[in-house]
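Take a look at the structure set out below.
To find a chain, count down the sequence lines: A is the first, B the second, and so on, and within it residues start at 1. The model shown is predicted, which means the values in this text are computed figures rather than measured ones.
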Amino acid sequence: MAQSGTAPASSIVIQARTHSPGLSAELRELWAYRHLVRTLVERDLRVRYKNSVVGVAWTMVNPLIQVFVLTIVFGYILGSGPKNISAYLFCATLPWTFFQTSVLDSSTSVLVKLPLLKKVYFPREIPLIATVCQNFVQFLISLGIFILYRWVVTPLLYHGSTWPPIQILFLPILILLLFLLTLGVSFFVATANVFYEDVKFILSIVMGFLFYLLPIIYFAENIFFSDSIPPNLRWWAYHLLLTNPLAWLITAFKQVFFGITDISNVHSPLPHHTSAPFDWRFLLLATFTCVAVCLSGYAFFNSRKWKFTERP
Amino acid sequence: MSLPLPAIEVTEMVKDFRVYHRTFASLKSHAAALAKTLVRREAHTGFETRRALAGVSFTVARGEAVALVGRNGSGKSTLLSILSRIYLPTSGEARLNGRMMSLLELGAGFDGELTGNQNIFFNGVILGLSEDAVAARYDAILDFAELDRQAMDLPVRMYSSGMQLRLGFAIAVHLDAEILLIDEGLAVGDEGFQEKCFAKIEEFKTQGKTILMVTHELDHVERLADRVLWLDKGVLVRDGGVAEVLAEYRQGYTHG
(Lines give C-alpha, C1' and ligand atoms only; values in the text may rest on other atoms or scores of the structure.)
Protein backbone atom coordinates (compact mmCIF):
# COMPACT_ATOMS: atom_id res chain seq x y z
CA MET A 1 0.00 0.00 0.00
CA ALA A 2 1.31 3.44 -0.89
CA GLN A 3 2.23 5.45 2.16
CA SER A 4 2.36 9.09 1.33
CA GLY A 5 1.25 12.38 2.79
CA THR A 6 -1.69 12.67 0.45
CA ALA A 7 -4.96 11.08 1.43
CA PRO A 8 -5.61 7.68 -0.15
CA ALA A 9 -8.62 7.32 -2.42
CA SER A 10 -10.58 5.52 0.28
CA SER A 11 -10.18 8.24 2.88
CA ILE A 12 -13.37 9.64 4.37
CA VAL A 13 -13.80 13.15 5.70
CA ILE A 14 -16.60 13.62 8.20
CA GLN A 15 -17.62 17.16 9.04
CA ALA A 16 -20.68 19.23 9.83
CA ARG A 17 -22.65 19.93 6.68
CA THR A 18 -22.70 23.68 6.32
CA HIS A 19 -23.28 23.46 2.61
CA SER A 20 -24.32 20.66 0.28
CA PRO A 21 -21.46 18.64 -1.21
CA GLY A 22 -23.03 19.05 -4.63
CA LEU A 23 -25.00 16.87 -6.99
CA SER A 24 -21.99 15.26 -8.66
CA ALA A 25 -20.47 14.18 -5.33
CA GLU A 26 -23.80 12.68 -4.23
CA LEU A 27 -24.22 10.87 -7.54
CA ARG A 28 -20.67 9.52 -7.43
CA GLU A 29 -21.32 7.99 -4.03
CA LEU A 30 -24.60 6.54 -5.24
CA TRP A 31 -22.80 4.98 -8.19
CA ALA A 32 -20.35 3.29 -5.80
CA TYR A 33 -23.34 1.57 -4.19
CA ARG A 34 -25.08 0.51 -7.41
CA HIS A 35 -24.66 -3.19 -6.50
CA LEU A 36 -26.77 -2.60 -3.43
CA VAL A 37 -29.66 -1.18 -5.47
CA ARG A 38 -29.62 -4.23 -7.73
CA THR A 39 -29.44 -6.63 -4.79
CA LEU A 40 -32.32 -4.88 -3.01
CA VAL A 41 -34.51 -4.92 -6.12
CA GLU A 42 -33.85 -8.61 -6.70
CA ARG A 43 -34.46 -9.40 -3.06
CA ASP A 44 -37.73 -7.44 -2.94
CA LEU A 45 -39.06 -9.16 -6.02
CA ARG A 46 -37.96 -12.55 -4.68
CA VAL A 47 -39.44 -12.03 -1.21
CA ARG A 48 -42.64 -10.48 -2.50
CA TYR A 49 -43.62 -13.46 -4.63
CA LYS A 50 -41.71 -16.19 -2.81
CA ASN A 51 -44.66 -17.92 -1.19
CA SER A 52 -47.19 -17.28 -3.94
CA VAL A 53 -48.16 -19.83 -6.56
CA VAL A 54 -48.44 -17.67 -9.66
CA GLY A 55 -45.46 -15.48 -8.65
CA VAL A 56 -44.75 -12.47 -10.83
CA ALA A 57 -48.09 -12.96 -12.61
CA TRP A 58 -49.59 -11.10 -9.64
CA THR A 59 -48.04 -7.99 -11.17
CA MET A 60 -50.66 -8.17 -13.89
CA VAL A 61 -53.64 -9.09 -11.76
CA ASN A 62 -54.29 -5.69 -10.21
CA PRO A 63 -54.29 -3.64 -13.45
CA LEU A 64 -56.29 -6.33 -15.26
CA ILE A 65 -59.01 -6.37 -12.63
CA GLN A 66 -59.08 -2.58 -12.57
CA VAL A 67 -59.44 -2.43 -16.35
CA PHE A 68 -62.10 -5.14 -16.25
CA VAL A 69 -64.20 -3.29 -13.66
CA LEU A 70 -63.82 0.07 -15.39
CA THR A 71 -64.78 -1.47 -18.73
CA ILE A 72 -67.93 -2.96 -17.20
CA VAL A 73 -68.86 0.35 -15.57
CA PHE A 74 -68.15 2.72 -18.45
CA GLY A 75 -68.62 0.45 -21.43
CA TYR A 76 -71.73 -1.41 -20.35
CA ILE A 77 -73.47 0.09 -17.31
CA LEU A 78 -73.08 3.75 -18.31
CA GLY A 79 -72.81 2.94 -22.00
CA SER A 80 -70.40 5.84 -22.48
CA GLY A 81 -66.92 5.91 -23.96
CA PRO A 82 -65.53 5.03 -27.36
CA LYS A 83 -65.05 1.65 -28.99
CA ASN A 84 -62.16 -0.42 -27.59
CA ILE A 85 -62.49 1.40 -24.28
CA SER A 86 -60.73 -1.41 -22.41
CA ALA A 87 -57.61 -0.97 -24.56
CA TYR A 88 -57.49 2.78 -23.78
CA LEU A 89 -58.10 2.10 -20.09
CA PHE A 90 -55.36 -0.52 -19.99
CA CYS A 91 -52.93 1.84 -21.71
CA ALA A 92 -53.65 4.70 -19.28
CA THR A 93 -53.60 2.44 -16.23
CA LEU A 94 -50.01 1.31 -16.89
CA PRO A 95 -48.22 4.62 -16.18
CA TRP A 96 -50.76 5.50 -13.49
CA THR A 97 -50.27 2.23 -11.57
CA PHE A 98 -46.50 2.64 -11.73
CA PHE A 99 -46.70 6.19 -10.41
CA GLN A 100 -49.22 5.44 -7.70
CA THR A 101 -47.65 2.27 -6.29
CA SER A 102 -44.12 3.70 -6.45
CA VAL A 103 -45.04 6.87 -4.60
CA LEU A 104 -47.10 5.04 -1.98
CA ASP A 105 -44.42 2.37 -1.48
CA SER A 106 -41.58 4.90 -1.30
CA SER A 107 -43.36 7.04 1.27
CA THR A 108 -42.45 4.43 3.90
CA SER A 109 -39.35 3.01 2.19
CA VAL A 110 -36.81 5.07 4.13
CA LEU A 111 -38.74 4.90 7.39
CA VAL A 112 -38.81 1.10 7.53
CA LYS A 113 -35.06 0.98 6.84
CA LEU A 114 -34.23 3.44 9.65
CA PRO A 115 -33.23 0.75 12.18
CA LEU A 116 -30.74 -0.55 9.62
CA LEU A 117 -29.55 2.95 8.73
CA LYS A 118 -28.72 3.48 12.40
CA LYS A 119 -26.37 0.49 12.35
CA VAL A 120 -24.79 0.41 8.92
CA TYR A 121 -23.85 3.24 6.62
CA PHE A 122 -25.09 3.33 3.06
CA PRO A 123 -26.53 6.25 1.11
CA ARG A 124 -29.97 7.05 2.49
CA GLU A 125 -31.57 7.28 -0.92
CA ILE A 126 -30.87 3.65 -1.75
CA PRO A 127 -34.00 2.07 -0.19
CA LEU A 128 -36.13 4.64 -2.01
CA ILE A 129 -34.43 4.17 -5.38
CA ALA A 130 -34.69 0.40 -4.97
CA THR A 131 -38.43 0.69 -4.28
CA VAL A 132 -39.01 2.79 -7.39
CA CYS A 133 -36.83 0.49 -9.50
CA GLN A 134 -38.66 -2.58 -8.28
CA ASN A 135 -41.98 -1.04 -9.32
CA PHE A 136 -40.35 0.02 -12.57
CA VAL A 137 -39.44 -3.59 -13.37
CA GLN A 138 -43.06 -4.60 -12.83
CA PHE A 139 -44.19 -1.68 -14.99
CA LEU A 140 -41.90 -2.78 -17.82
CA ILE A 141 -43.24 -6.34 -17.62
CA SER A 142 -46.82 -5.06 -17.81
CA LEU A 143 -45.89 -2.74 -20.66
CA GLY A 144 -44.29 -5.61 -22.56
CA ILE A 145 -47.49 -7.62 -22.20
CA PHE A 146 -49.54 -4.65 -23.39
CA ILE A 147 -47.30 -4.22 -26.45
CA LEU A 148 -47.78 -7.91 -27.28
CA TYR A 149 -51.53 -7.50 -26.88
CA ARG A 150 -51.66 -4.34 -28.99
CA TRP A 151 -49.51 -5.36 -31.93
CA VAL A 152 -49.48 -9.15 -31.93
CA VAL A 153 -52.68 -10.51 -30.42
CA THR A 154 -55.09 -7.84 -31.67
CA PRO A 155 -53.94 -7.94 -35.34
CA LEU A 156 -54.08 -11.75 -35.32
CA LEU A 157 -57.59 -11.85 -33.90
CA TYR A 158 -59.19 -8.85 -35.60
CA HIS A 159 -56.97 -8.26 -38.65
CA GLY A 160 -56.72 -4.63 -37.57
CA SER A 161 -53.92 -2.22 -38.42
CA THR A 162 -50.62 -3.96 -37.74
CA TRP A 163 -48.23 -1.01 -37.90
CA PRO A 164 -47.70 1.16 -34.86
CA PRO A 165 -47.80 4.93 -35.45
CA ILE A 166 -44.41 6.55 -36.05
CA GLN A 167 -44.80 8.36 -32.69
CA ILE A 168 -44.09 5.05 -30.94
CA LEU A 169 -40.43 6.08 -31.25
CA PHE A 170 -41.14 8.57 -28.47
CA LEU A 171 -42.10 5.74 -26.09
CA PRO A 172 -38.61 5.33 -24.52
CA ILE A 173 -38.51 9.07 -23.81
CA LEU A 174 -41.97 8.90 -22.23
CA ILE A 175 -40.86 5.99 -20.04
CA LEU A 176 -37.74 7.87 -18.96
CA LEU A 177 -39.74 11.01 -18.12
CA LEU A 178 -42.27 8.97 -16.16
CA PHE A 179 -39.43 7.38 -14.20
CA LEU A 180 -37.82 10.75 -13.39
CA LEU A 181 -41.13 12.28 -12.34
CA THR A 182 -42.01 9.33 -10.11
CA LEU A 183 -38.56 9.33 -8.54
CA GLY A 184 -38.74 13.08 -7.87
CA VAL A 185 -42.18 12.92 -6.25
CA SER A 186 -41.04 9.89 -4.22
CA PHE A 187 -38.06 11.86 -2.88
CA PHE A 188 -40.41 14.55 -1.59
CA VAL A 189 -42.94 12.22 0.04
CA ALA A 190 -40.36 9.86 1.57
CA THR A 191 -38.50 12.78 3.17
CA ALA A 192 -41.68 14.32 4.52
CA ASN A 193 -42.91 10.96 5.80
CA VAL A 194 -39.79 10.42 7.91
CA PHE A 195 -40.66 13.49 9.96
CA TYR A 196 -44.44 13.52 9.68
CA GLU A 197 -46.03 10.14 9.41
CA ASP A 198 -49.34 11.77 8.50
CA VAL A 199 -48.00 12.10 4.99
CA LYS A 200 -48.77 8.54 3.96
CA PHE A 201 -52.41 8.92 5.01
CA ILE A 202 -52.76 12.21 3.17
CA LEU A 203 -51.16 10.57 0.15
CA SER A 204 -53.73 7.84 -0.18
CA ILE A 205 -56.46 10.52 -0.23
CA VAL A 206 -54.56 12.55 -2.81
CA MET A 207 -54.16 9.46 -4.97
CA GLY A 208 -57.91 8.91 -4.87
CA PHE A 209 -58.47 12.42 -6.24
CA LEU A 210 -55.65 12.21 -8.77
CA PHE A 211 -57.22 9.15 -10.35
CA TYR A 212 -60.16 11.32 -11.46
CA LEU A 213 -58.13 14.46 -12.16
CA LEU A 214 -55.89 12.63 -14.60
CA PRO A 215 -57.12 11.61 -18.03
CA ILE A 216 -57.27 7.89 -17.19
CA ILE A 217 -60.95 7.06 -17.53
CA TYR A 218 -61.42 9.82 -20.10
CA PHE A 219 -59.37 11.56 -22.78
CA ALA A 220 -57.84 15.00 -22.21
CA GLU A 221 -59.49 15.92 -25.52
CA ASN A 222 -62.91 15.25 -23.94
CA ILE A 223 -62.40 18.50 -22.04
CA PHE A 224 -61.64 20.35 -25.25
CA PHE A 225 -64.92 19.17 -26.77
CA SER A 226 -66.99 19.25 -23.58
CA ASP A 227 -70.40 20.91 -23.86
CA SER A 228 -70.59 21.67 -20.14
CA ILE A 229 -67.53 23.97 -20.19
CA PRO A 230 -68.06 27.49 -21.65
CA PRO A 231 -66.49 27.60 -25.14
CA ASN A 232 -64.00 30.35 -24.28
CA LEU A 233 -62.64 28.31 -21.34
CA ARG A 234 -62.23 24.97 -23.15
CA TRP A 235 -58.85 25.75 -24.68
CA TRP A 236 -57.55 26.94 -21.30
CA ALA A 237 -58.91 23.95 -19.36
CA TYR A 238 -57.39 21.52 -21.87
CA HIS A 239 -53.97 23.18 -21.84
CA LEU A 240 -54.00 23.63 -18.06
CA LEU A 241 -54.66 19.92 -17.58
CA LEU A 242 -51.78 18.98 -19.87
CA THR A 243 -49.27 21.22 -18.08
CA ASN A 244 -49.46 18.55 -15.38
CA PRO A 245 -46.66 16.27 -16.61
CA LEU A 246 -48.42 13.12 -15.44
CA ALA A 247 -51.64 14.09 -17.25
CA TRP A 248 -49.66 14.69 -20.43
CA LEU A 249 -47.67 11.47 -20.07
CA ILE A 250 -50.87 9.43 -19.76
CA THR A 251 -52.31 11.23 -22.79
CA ALA A 252 -49.06 10.69 -24.70
CA PHE A 253 -49.10 6.98 -23.89
CA LYS A 254 -52.51 6.75 -25.55
CA GLN A 255 -51.28 8.82 -28.50
CA VAL A 256 -48.22 6.72 -29.23
CA PHE A 257 -50.12 3.45 -28.90
CA PHE A 258 -53.27 4.37 -30.80
CA GLY A 259 -52.42 7.35 -33.02
CA ILE A 260 -55.38 9.56 -33.85
CA THR A 261 -58.58 7.79 -32.86
CA ASP A 262 -62.27 8.37 -32.45
CA ILE A 263 -62.88 9.36 -28.82
CA SER A 264 -66.62 9.97 -28.94
CA ASN A 265 -69.21 7.82 -27.29
CA VAL A 266 -70.09 4.92 -29.61
CA HIS A 267 -73.76 5.88 -29.37
CA SER A 268 -73.36 9.62 -29.96
CA PRO A 269 -74.54 11.04 -33.31
CA LEU A 270 -72.04 12.04 -35.99
CA PRO A 271 -69.79 13.95 -36.40
CA HIS A 272 -67.42 12.27 -33.97
CA HIS A 273 -64.44 13.95 -32.31
CA THR A 274 -60.96 12.56 -32.67
CA SER A 275 -57.96 12.64 -30.32
CA ALA A 276 -55.26 15.25 -30.77
CA PRO A 277 -51.98 14.33 -32.46
CA PHE A 278 -48.76 13.94 -30.48
CA ASP A 279 -47.67 17.47 -29.57
CA TRP A 280 -43.91 18.08 -29.18
CA ARG A 281 -44.53 21.40 -27.34
CA PHE A 282 -46.00 19.45 -24.45
CA LEU A 283 -43.10 17.01 -24.72
CA LEU A 284 -40.66 19.89 -24.16
CA LEU A 285 -42.71 21.22 -21.27
CA ALA A 286 -42.99 17.79 -19.63
CA THR A 287 -39.26 17.16 -20.10
CA PHE A 288 -38.54 20.38 -18.30
CA THR A 289 -41.02 19.70 -15.47
CA CYS A 290 -40.01 16.08 -14.93
CA VAL A 291 -36.30 16.89 -14.77
CA ALA A 292 -37.01 19.83 -12.46
CA VAL A 293 -39.17 17.71 -10.12
CA CYS A 294 -36.55 14.97 -10.03
CA LEU A 295 -33.64 17.31 -9.29
CA SER A 296 -35.51 19.40 -6.72
CA GLY A 297 -36.81 16.25 -5.04
CA TYR A 298 -33.28 14.88 -4.80
CA ALA A 299 -31.98 18.18 -3.45
CA PHE A 300 -34.81 18.28 -0.88
CA PHE A 301 -34.01 14.72 0.18
CA ASN A 302 -30.27 15.39 0.40
CA SER A 303 -30.73 18.53 2.45
CA ARG A 304 -32.56 16.52 5.10
CA LYS A 305 -31.18 13.00 4.86
CA TRP A 306 -28.62 13.43 7.66
CA LYS A 307 -31.45 14.31 10.04
CA PHE A 308 -33.24 10.99 9.41
CA THR A 309 -31.30 9.02 12.03
CA GLU A 310 -31.83 11.82 14.59
CA ARG A 311 -35.58 11.98 14.13
CA PRO A 312 -37.49 12.26 17.43
CA MET B 1 8.72 9.36 1.35
CA SER B 2 6.69 11.68 3.52
CA LEU B 3 5.15 10.86 6.87
CA PRO B 4 2.40 8.25 6.83
CA LEU B 5 -1.06 9.60 7.64
CA PRO B 6 -2.67 8.55 10.89
CA ALA B 7 -5.56 6.14 10.37
CA ILE B 8 -8.05 8.18 12.38
CA GLU B 9 -7.86 11.91 13.06
CA VAL B 10 -10.58 13.53 15.15
CA THR B 11 -10.43 17.29 15.73
CA GLU B 12 -12.66 19.30 18.07
CA MET B 13 -15.62 16.97 17.56
CA VAL B 14 -18.85 18.38 18.98
CA LYS B 15 -22.22 16.67 18.80
CA ASP B 16 -25.49 18.12 20.02
CA PHE B 17 -28.66 16.07 20.08
CA ARG B 18 -32.11 17.48 20.27
CA VAL B 19 -34.15 15.86 22.99
CA TYR B 20 -37.77 16.33 22.00
CA HIS B 21 -40.51 16.84 24.53
CA ARG B 22 -42.93 14.94 22.39
CA THR B 23 -42.15 11.39 21.46
CA PHE B 24 -43.74 11.07 18.05
CA ALA B 25 -43.76 13.28 15.02
CA SER B 26 -47.02 14.38 13.51
CA LEU B 27 -48.48 17.46 11.92
CA LYS B 28 -50.96 17.74 14.76
CA SER B 29 -48.33 18.03 17.48
CA HIS B 30 -46.46 20.52 15.31
CA ALA B 31 -49.58 22.62 14.89
CA ALA B 32 -50.31 22.42 18.62
CA ALA B 33 -46.81 23.64 19.45
CA LEU B 34 -47.18 26.50 16.99
CA ALA B 35 -50.53 27.47 18.51
CA LYS B 36 -49.03 27.52 22.00
CA THR B 37 -46.26 29.80 20.79
CA LEU B 38 -48.79 32.23 19.34
CA VAL B 39 -51.14 32.22 22.34
CA ARG B 40 -48.59 32.39 25.14
CA ARG B 41 -46.18 34.59 23.19
CA GLU B 42 -43.26 32.54 24.37
CA ALA B 43 -40.64 30.71 22.43
CA HIS B 44 -41.78 27.12 22.27
CA THR B 45 -39.22 25.07 20.49
CA GLY B 46 -40.38 21.65 21.63
CA PHE B 47 -36.88 20.37 22.26
CA GLU B 48 -33.80 20.85 24.38
CA THR B 49 -30.25 20.51 23.21
CA ARG B 50 -28.04 17.97 24.92
CA ARG B 51 -24.34 17.96 24.23
CA ALA B 52 -23.10 14.40 23.77
CA LEU B 53 -19.58 15.31 22.68
CA ALA B 54 -17.93 18.55 23.78
CA GLY B 55 -14.88 19.01 21.61
CA VAL B 56 -13.04 15.70 21.43
CA SER B 57 -9.69 15.49 19.65
CA PHE B 58 -7.35 12.55 19.19
CA THR B 59 -5.47 10.63 16.53
CA VAL B 60 -4.98 6.92 16.09
CA ALA B 61 -1.91 5.78 14.24
CA ARG B 62 -1.94 3.03 11.66
CA GLY B 63 -1.74 -0.39 13.27
CA GLU B 64 -2.80 0.84 16.68
CA ALA B 65 -5.58 -0.76 18.74
CA VAL B 66 -7.35 1.80 20.87
CA ALA B 67 -10.13 1.23 23.40
CA LEU B 68 -12.70 3.84 24.39
CA VAL B 69 -13.92 3.53 27.95
CA GLY B 70 -16.35 5.56 30.02
CA ARG B 71 -19.65 5.29 31.81
CA ASN B 72 -22.99 4.93 30.09
CA GLY B 73 -23.89 8.17 28.37
CA SER B 74 -20.33 9.46 28.22
CA GLY B 75 -20.46 9.76 24.43
CA LYS B 76 -18.50 6.66 23.39
CA SER B 77 -21.15 5.21 21.17
CA THR B 78 -22.01 8.63 19.74
CA LEU B 79 -18.39 9.08 18.76
CA LEU B 80 -18.29 5.66 17.14
CA SER B 81 -21.58 6.34 15.33
CA ILE B 82 -20.23 9.59 13.92
CA LEU B 83 -17.11 7.81 12.70
CA SER B 84 -19.40 5.15 11.16
CA ARG B 85 -21.30 7.96 9.37
CA ILE B 86 -24.63 7.39 11.11
CA TYR B 87 -24.78 10.99 12.35
CA LEU B 88 -23.02 14.14 11.24
CA PRO B 89 -21.12 16.09 13.89
CA THR B 90 -22.43 19.49 14.94
CA SER B 91 -18.95 20.89 14.45
CA GLY B 92 -15.43 19.57 14.19
CA GLU B 93 -13.97 17.12 11.77
CA ALA B 94 -12.88 13.52 11.48
CA ARG B 95 -10.72 11.88 8.85
CA LEU B 96 -10.54 8.16 8.28
CA ASN B 97 -7.65 7.25 6.00
CA GLY B 98 -8.33 3.78 4.69
CA ARG B 99 -11.22 1.40 4.10
CA MET B 100 -13.40 1.58 7.19
CA MET B 101 -15.66 -1.16 8.49
CA SER B 102 -17.86 -0.59 11.45
CA LEU B 103 -19.46 -3.20 13.67
CA LEU B 104 -22.06 -1.29 15.63
CA GLU B 105 -24.19 -4.37 15.82
CA LEU B 106 -23.31 -7.80 14.48
CA GLY B 107 -25.68 -9.08 11.87
CA ALA B 108 -27.48 -5.74 11.70
CA GLY B 109 -27.85 -6.05 7.96
CA PHE B 110 -29.40 -9.51 8.02
CA ASP B 111 -32.73 -10.10 6.40
CA GLY B 112 -34.63 -12.88 8.16
CA GLU B 113 -36.40 -14.00 4.99
CA LEU B 114 -33.20 -14.67 3.05
CA THR B 115 -31.04 -17.74 3.50
CA GLY B 116 -27.63 -17.66 5.14
CA ASN B 117 -25.97 -17.80 1.72
CA GLN B 118 -28.02 -14.92 0.35
CA ASN B 119 -27.35 -12.91 3.49
CA ILE B 120 -23.59 -13.25 3.10
CA PHE B 121 -23.92 -11.58 -0.28
CA PHE B 122 -26.52 -9.08 0.86
CA ASN B 123 -24.45 -8.03 3.86
CA GLY B 124 -21.28 -7.73 1.82
CA VAL B 125 -23.05 -5.55 -0.72
CA ILE B 126 -24.51 -3.32 2.04
CA LEU B 127 -20.97 -2.80 3.24
CA GLY B 128 -20.01 -1.57 -0.20
CA LEU B 129 -18.58 -4.63 -1.97
CA SER B 130 -19.53 -6.08 -5.34
CA GLU B 131 -21.00 -9.58 -5.48
CA ASP B 132 -17.81 -10.90 -7.10
CA ALA B 133 -15.76 -9.56 -4.21
CA VAL B 134 -18.03 -11.34 -1.75
CA ALA B 135 -17.89 -14.56 -3.76
CA ALA B 136 -14.08 -14.52 -3.52
CA ARG B 137 -14.34 -14.49 0.29
CA TYR B 138 -17.26 -16.87 0.58
CA ASP B 139 -15.33 -20.00 1.61
CA ALA B 140 -13.19 -18.16 4.15
CA ILE B 141 -16.32 -16.70 5.74
CA LEU B 142 -17.99 -20.11 6.05
CA ASP B 143 -14.84 -21.71 7.45
CA PHE B 144 -14.52 -19.00 10.03
CA ALA B 145 -18.17 -19.10 11.11
CA GLU B 146 -17.98 -22.93 11.44
CA LEU B 147 -21.63 -23.23 10.54
CA ASP B 148 -23.12 -26.34 9.04
CA ARG B 149 -23.26 -25.93 5.25
CA GLN B 150 -26.82 -27.23 5.19
CA ALA B 151 -27.84 -24.45 7.56
CA MET B 152 -26.70 -21.94 4.95
CA ASP B 153 -29.74 -22.78 2.83
CA LEU B 154 -32.17 -22.00 5.65
CA PRO B 155 -33.67 -18.55 6.21
CA VAL B 156 -31.69 -16.61 8.80
CA ARG B 157 -34.80 -16.13 10.96
CA MET B 158 -34.49 -19.84 11.82
CA TYR B 159 -30.94 -19.36 13.18
CA SER B 160 -30.24 -19.09 16.88
CA SER B 161 -28.91 -15.72 18.00
CA GLY B 162 -25.50 -17.30 18.53
CA MET B 163 -25.43 -18.57 14.94
CA GLN B 164 -26.42 -15.12 13.65
CA LEU B 165 -23.61 -13.51 15.66
CA ARG B 166 -21.07 -16.02 14.34
CA LEU B 167 -22.08 -15.36 10.77
CA GLY B 168 -22.16 -11.59 11.32
CA PHE B 169 -18.68 -11.51 12.81
CA ALA B 170 -17.33 -13.85 10.14
CA ILE B 171 -18.62 -11.59 7.36
CA ALA B 172 -17.38 -8.45 9.05
CA VAL B 173 -13.80 -9.61 9.54
CA HIS B 174 -13.44 -10.93 5.99
CA LEU B 175 -14.15 -7.73 4.15
CA ASP B 176 -10.56 -6.46 4.12
CA ALA B 177 -11.11 -3.29 6.11
CA GLU B 178 -8.04 -1.30 7.14
CA ILE B 179 -9.86 0.41 10.00
CA LEU B 180 -12.26 -1.47 12.26
CA LEU B 181 -14.72 0.26 14.55
CA ILE B 182 -16.22 -2.16 17.08
CA ASP B 183 -18.99 -1.37 19.56
CA GLU B 184 -19.34 -4.01 22.30
CA GLY B 185 -19.07 -6.59 19.56
CA LEU B 186 -16.53 -8.79 21.28
CA ALA B 187 -18.75 -10.80 23.57
CA VAL B 188 -19.62 -13.10 20.71
CA GLY B 189 -20.97 -16.62 21.01
CA ASP B 190 -19.55 -19.39 23.16
CA GLU B 191 -16.09 -19.24 24.70
CA GLY B 192 -14.43 -21.17 21.91
CA PHE B 193 -15.67 -18.78 19.29
CA GLN B 194 -14.87 -15.76 21.43
CA GLU B 195 -11.28 -16.97 21.63
CA LYS B 196 -11.27 -17.23 17.85
CA CYS B 197 -12.52 -13.64 17.56
CA PHE B 198 -9.74 -12.43 19.86
CA ALA B 199 -7.17 -14.33 17.81
CA LYS B 200 -8.54 -12.71 14.65
CA ILE B 201 -8.29 -9.24 16.13
CA GLU B 202 -4.73 -9.92 17.25
CA GLU B 203 -3.98 -11.09 13.73
CA PHE B 204 -5.37 -7.79 12.44
CA LYS B 205 -2.98 -5.93 14.67
CA THR B 206 0.00 -7.83 13.29
CA GLN B 207 -1.23 -7.01 9.77
CA GLY B 208 -1.05 -3.31 10.61
CA LYS B 209 -4.80 -2.75 10.71
CA THR B 210 -6.25 -0.11 12.97
CA ILE B 211 -8.86 -0.90 15.60
CA LEU B 212 -11.03 1.46 17.65
CA MET B 213 -13.34 -0.30 20.07
CA VAL B 214 -15.88 0.60 22.69
CA THR B 215 -16.29 -1.86 25.52
CA HIS B 216 -17.14 -2.16 29.18
CA GLU B 217 -15.15 -5.38 29.54
CA LEU B 218 -11.90 -4.11 30.97
CA ASP B 219 -10.13 -7.48 30.57
CA HIS B 220 -10.82 -7.30 26.85
CA VAL B 221 -9.21 -3.87 26.86
CA GLU B 222 -6.15 -5.18 28.70
CA ARG B 223 -5.78 -8.02 26.30
CA LEU B 224 -6.27 -6.21 22.97
CA ALA B 225 -5.62 -2.49 23.33
CA ASP B 226 -2.36 -0.56 23.03
CA ARG B 227 -3.90 2.65 24.30
CA VAL B 228 -7.00 3.75 26.17
CA LEU B 229 -9.16 6.86 25.71
CA TRP B 230 -11.37 7.71 28.68
CA LEU B 231 -14.45 9.75 27.89
CA ASP B 232 -16.53 11.39 30.58
CA LYS B 233 -19.61 13.55 29.84
CA GLY B 234 -18.47 14.12 26.28
CA VAL B 235 -14.95 15.19 27.25
CA LEU B 236 -11.76 13.22 26.75
CA VAL B 237 -10.33 13.10 30.28
CA ARG B 238 -7.40 10.69 29.80
CA ASP B 239 -5.44 9.45 26.81
CA GLY B 240 -2.59 7.09 27.52
CA GLY B 241 -1.22 3.61 28.11
CA VAL B 242 -3.54 0.79 29.07
CA ALA B 243 -2.18 0.14 32.58
CA GLU B 244 -2.12 3.73 33.83
CA VAL B 245 -5.47 4.87 32.43
CA LEU B 246 -7.26 1.72 33.52
CA ALA B 247 -5.83 1.99 37.04
CA GLU B 248 -7.20 5.50 37.33
CA TYR B 249 -10.45 4.55 35.65
CA ARG B 250 -11.01 1.67 38.07
CA GLN B 251 -10.36 3.97 40.97
CA GLY B 252 -12.85 6.54 39.71
CA TYR B 253 -15.28 3.72 39.15
CA THR B 254 -15.19 2.48 42.74
CA HIS B 255 -15.21 5.95 44.29
CA GLY B 256 -17.66 7.58 41.94
Side-chain angles (χ1 to χ4, degrees), chain A residues 1-18 21 29 32-40 42-44 46-48 50-51 111 113-124 126-127 192-199 201-202 305-312, chain B residues 1-5 10 13-14 17-28 30 46-47 62 81-100 102-105 108-109 111 113-114 118 121-133 178-179 208:
Chain A
M1 206 180 84
Q3 295 221 326
S4 68
T6 54
S10 53
S11 100
I12 304 165
V13 179
I14 297 162
Q15 52 195 177
R17 199 148 291 199
T18 44
E29 170 149 58
Y33 277 86
R34 62 192 180 281
H35 305 290
L36 183 54
V37 176
R38 215 192 60 204
T39 308
L40 277 175
E42 283 175 4
R43 186 200 63 155
D44 274 7
R46 204 181 290 142
V47 170
R48 181 177 282 211
K50 193 185 59 153
N51 292 324
L111 201 58
K113 285 284 188 293
L114 261 191
L116 184 56
L117 283 168
K118 284 182 181 175
K119 296 292 174 202
V120 190
Y121 174 79
F122 52 88
R124 270 78 167 142
I126 282 187
N193 198 57
V194 172
F195 300 108
Y196 306 106
E197 289 186 44
D198 316 53
V199 170
F201 302 112
I202 297 173
K305 67 178 173 184
W306 286 99
K307 295 263 176 264
F308 290 173
T309 46
E310 291 179 38
R311 122 190 217 280
Chain B
M1 203 171 88
S2 53
L3 275 175
L5 281 169
V10 176
M13 179 75 71
V14 174
F17 281 110
R18 287 176 172 188
V19 184
Y20 288 83
H21 298 148
R22 58 200 159 86
T23 50
F24 62 95
S26 78
L27 286 176
K28 195 186 111 195
H30 217 72
F47 61 83
R62 233 166 255 259
S81 294
I82 290 175
L83 294 179
S84 316
R85 297 207 286 166
I86 305 297
Y87 310 118
L88 284 182
T90 308
S91 68
E93 199 185 271
R95 275 170 198 276
L96 297 161
N97 300 310
R99 262 182 67 91
M100 177 266 286
S102 106
L103 291 175
L104 296 186
E105 189 179 300
D111 184 312
E113 285 300 313
L114 298 183
Q118 290 164 345
F121 283 90
F122 184 56
N123 232 303
V125 172
I126 276 195
L127 298 168
L129 265 72
S130 71
E131 291 202 353
D132 293 341
E178 291 155 321
I179 303 170

Item to check | A:Pro127 versus A:Arg124, closest heavy-atom pair with distance | outcome: CD-O, 3.3 Å
Item to check | Top contributor to chain A contacts, counting heavy-atom pairs under 4.5 Å, from B:Ala94, B:Ser81, B:Ser84 | outcome: B:Ala94
Next on the checklist: Looking only at heavy atoms and a cut-off of under 4.5 Å, which of A:Arg34, A:Glu42, A:Lys118, A:Lys307 has the most pairs with chain B?
Outcome noted: A:Lys118
Checklist outcome for this item: Residue from B:Val125, B:Leu88, B:Ile179 scoring the most non-hydrogen pairs under 4.5 Å with chain A is B:Leu88
Checklist entry - Does NZ or CZ of B:Arg85 come closer than 6.0 Å to the centre of the six-membered ring of A:Tyr121, within 45° of the ring's axis? => result yes
Item to check | Contact summary for B:Asn97 and B:Arg62, nearest pair of heavy atoms | outcome: O-NH2, 3.6 Å
Next on the checklist: Show, in sequence, the C-alpha distance, side-chain angles and deciding distance for A:Thr39 and B:Ile126, and conclude whether the side-chain contact (heavy atoms from CB on, under 4.5 Å) test is met.
Outcome noted: CA-CA 9 Å; A:Thr39 308; B:Ile126 276 195; over 6 Å; no
Item to check | Under 4.5 Å from a heavy atom of chain B, the part of A:Leu117 involved | outcome: backbone
